[in-house]
2 protein chains.
Amino acid sequence: MRGMVTDPLATASPQESLGVLLGLVRSEIVRAMEAELAALGVDLRFTQFLILKRLARLGPMTASELARGVELDGGAMTRQLDQLEGKGYLRRCPHEQDRRALRIELTDQGTSLWQQLTDCNERVLEAAQRSLSEAERKRLHDYLTRVLHALRDKD
Amino acid sequence: MRGMVTDPLATASPQESLGVLLGLVRSEIVRAMEAELAALGVDLRFTQFLILKRLARLGPMTASELARGVELDGGAMTRQLDQLEGKGYLRRCPHEQDRRALRIELTDQGTSLWQQLTDCNERVLEAAQRSLSEAERKRLHDYLTRVLHALRDKD
DNA sequence: AGCGAATATTTGTCAAGGCAAATATCGCGA
DNA sequence: TCGCGATATTTGCCTTGACAAATATTCGCT
């Protein structure tokens, strides 16, 4: 029993493992990102990182837009916003045209935090893909995109 | 605001979206698999499906081995085994050589269930990869494997 | 033989996310 | 203008999985 290492990849046939493999790679990336964040002394989960990223890149937007953008449930988004607002990284402002909605915007603190995080992000992705050539990285991205579309537009 | 569709892929740069993209593809595969299972009248989550798959392919094994095999926490495994045993798909037997451990084995019902599930599995993976040639599927698998190793063996 | 580290299983606790219900608005059409 | 269906946000409830502590064994070493 002891020392009996069961590497999921060692015994998985190529065909069956796509779903599993994706999960493994993703969880390693998440783990690596969160480790990098922690090393920087930043207390953020991967999801929160994605939320800040989206806000930093696309500017202020509604909570719903944000939720759709990161594929997160609306209720979960409310709670993440609570946390991020509590940490001082963003602000809930009233929406100009729509009184139902919020305008979520980064605070100055949130913006300056993002400048640290953007490197962190690239470091991890670079490390993950370090054994892939530029052409291979493009192909990987292309394949994944095509698989995603195949799953979504199921004819 | 309304009708303002924000496709995560439309605005994501290739570089940044690897982690996100993996998550999207994986969750679509999981969703598709669970939908297929439900359509067959089988009440199983993706994780439970993976557990049965591993048992069906590799034969009886310890709960710990199973947990490592599907990359699941030991505590979570205990609870999944509770459920699967309750549904009658597997059995916890005492381990011959190690009184700490269990020998988890499929019941007849579990074995016959698996025969239905194996098709289901292939259908979903086939649909997911239907726009990829055989060579591309191999490459996708290869790239993912290499990324996984790069992340794990971080020199 | 006996001790201590490692491993197996179970259970308690916690955070994250999905789903549904409640409330507030919006906006289109009668 | 009124009403109704759709959308935005929040909250409660539930499930899942990670982490840690507790208990039972096992294994290597002295």
Side-chain angles (χ1 to χ4, degrees), chain A residues 1-6 20 23-24 26-28 30-31 33-35 38 43-51 60-87 90-104, chain B residues 1-6 20 23-24 26-28 30-31 33-35 38 43-51 60-87 90-104:
Chain A
M1 198 94 343
R2 262 258 307 301
M4 184 159 186
V5 178
T6 52
V20 175
L24 295 176
R26 187 188 126 88
S27 74
E28 285 295 334
V30 171
R31 185 158 21 235
M33 272 296 310
E34 293 187 344
D43 181 30
L44 275 189
R45 307 305 303 275
F46 187 69
T47 299
Q48 301 174 329
F49 164 80
L50 292 180
I51 292 171
M61 68 183 76
T62 289
S64 293
E65 291 173 304
L66 204 43
R68 282 190 297 265
V70 299
E71 296 259 313
L72 191 64
D73 174 78
M77 179 56 71
T78 292
R79 285 176 271 249
Q80 293 299 339
L81 292 178
D82 288 344
Q83 289 192 42
L84 291 170
E85 191 172 34
K87 292 174 201 278
L90 56 80
R91 213 177 353 244
R92 281 187 247 227
C93 306
H95 192 285
E96 298 284 329
Q97 289 82 34
D98 188 343
R99 278 193 297 170
R100 291 170 302 176
L102 298 170
R103 173 187 161 96
I104 310 295
Chain B
M1 199 94 342
R2 262 257 306 299
M4 184 160 187
V5 179
T6 52
V20 175
L24 295 176
R26 186 188 126 87
S27 74
E28 285 295 334
V30 171
R31 185 156 23 232
M33 271 298 307
E34 294 187 343
D43 181 31
L44 275 189
R45 307 304 304 274
F46 187 68
T47 298
Q48 300 175 330
F49 165 80
L50 291 181
I51 293 171
M61 68 184 75
T62 289
S64 293
E65 291 173 304
L66 206 42
R68 283 191 297 264
V70 300
E71 296 259 313
L72 190 64
D73 174 79
M77 179 56 72
T78 292
R79 285 176 268 250
Q80 292 298 340
L81 292 179
D82 288 344
Q83 289 191 41
L84 291 169
E85 191 171 34
K87 291 175 201 278
L90 55 79
R91 213 176 354 243
R92 282 187 247 227
C93 305
H95 192 286
E96 297 285 329
Q97 288 81 36
D98 188 343
R99 277 192 298 169
R100 292 170 303 178
L102 297 171
R103 173 188 161 96
I104 310 296

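The sequence lines fix the lettering, A, B, ..., with proteins before strands; numbering per chain opens at 1.
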B:Leu72 CG to C:dT10 P: how many Å, rounded? 13 Å
Contacts of A:Gln97 and A:Gln48 projected onto DNA chain C by closest heavy atom; the upstream (5') one is A:Gln48
Minimum heavy-atom distance between B:Glu34 and B:Phe46, given as atom pair plus value: OE2-N, 2.9 Å
d(CG, A:Leu66; P, D:dT7) in whole Å: 19 Å
Roughly how far apart are A:Ile104 CD1 and A:Gln80 CD, rounded to 0.5 Å? 12.5 Å
B:Met61 CE to C:dT9 C1', straight-line distance once rounded to whole Å: 17 Å
To the nearest Å, give me how far apart CG (B:Leu102) and C1' (C:dT7) are. 13 Å
Rounded distance in Å - NE2 (A:His95) to C1' (D:dT7): 12 Å
Would you say the side chain of B:Arg103 lies within less than 4.5 Å of the side chain of B:Thr62, judging by non-hydrogen atoms? no
Whether B:Thr47 contacts D:dG17 is assessed here as follows: a side-chain N or O lying under 4.0 Å from the phosphate OP1 or OP2. Is that the case? yes
Working to the nearest 0.5 Å, report the span between CD of B:Glu71 and CG of B:Leu50. 11.0 Å
Would you call A:Glu65 and A:Arg68 a salt bridge, taking side-chain N to carboxylate O under 4.0 Å as the test? no
Using the 3.5 Å cut-off, write out each protein N or O paired with an N or O of nucleotides 23-25 of chain C and the distance between them.
from	atom 1	to	atom 2	distance (Å)
C:dT25	O2	A:Arg100	NH1	3.4

Heavy atoms only, 4.0 Å cut-off, all strands: where does B:Arg92 land among base, sugar-phosphate and nothing? sugar-phosphate
Rounded to whole Å, the CZ-C1' distance (A:Arg68 to D:dA6) equals 12 Å
C:dA15 C1' sits how many Å from A:Phe46 CZ, rounded? 17 Å
Just to be sure I understand the geometry, which residues of residues 73-83 of chain B put a non-hydrogen atom under 4.0 Å away from DNA chain D? B:Asp73, B:Ala76, B:Arg79, B:Gln80, B:Gln83
Closest heavy-atom contact between B:Ala63 and B:Leu81? CB-CD1, 3.8 Å
Whether the side chain of B:Glu85 engages the backbone of B:Arg92 through a donor-acceptor N/O pair (distance < 3.5 Å, no angle test) should be reported. yes
Could you state the interatomic distance from CZ (B:Arg45) to CD1 (B:Ile51), rounded to the nearest 0.5 Å? 12.0 Å
So, the side chain of A:Lys87 versus the backbone of A:Leu44: is there a donor-acceptor pair under 3.5 Å, distance only? no
Write down the distance between CG (A:Leu84) and P (D:dT9), rounded to a whole number of angstrom. 15 Å
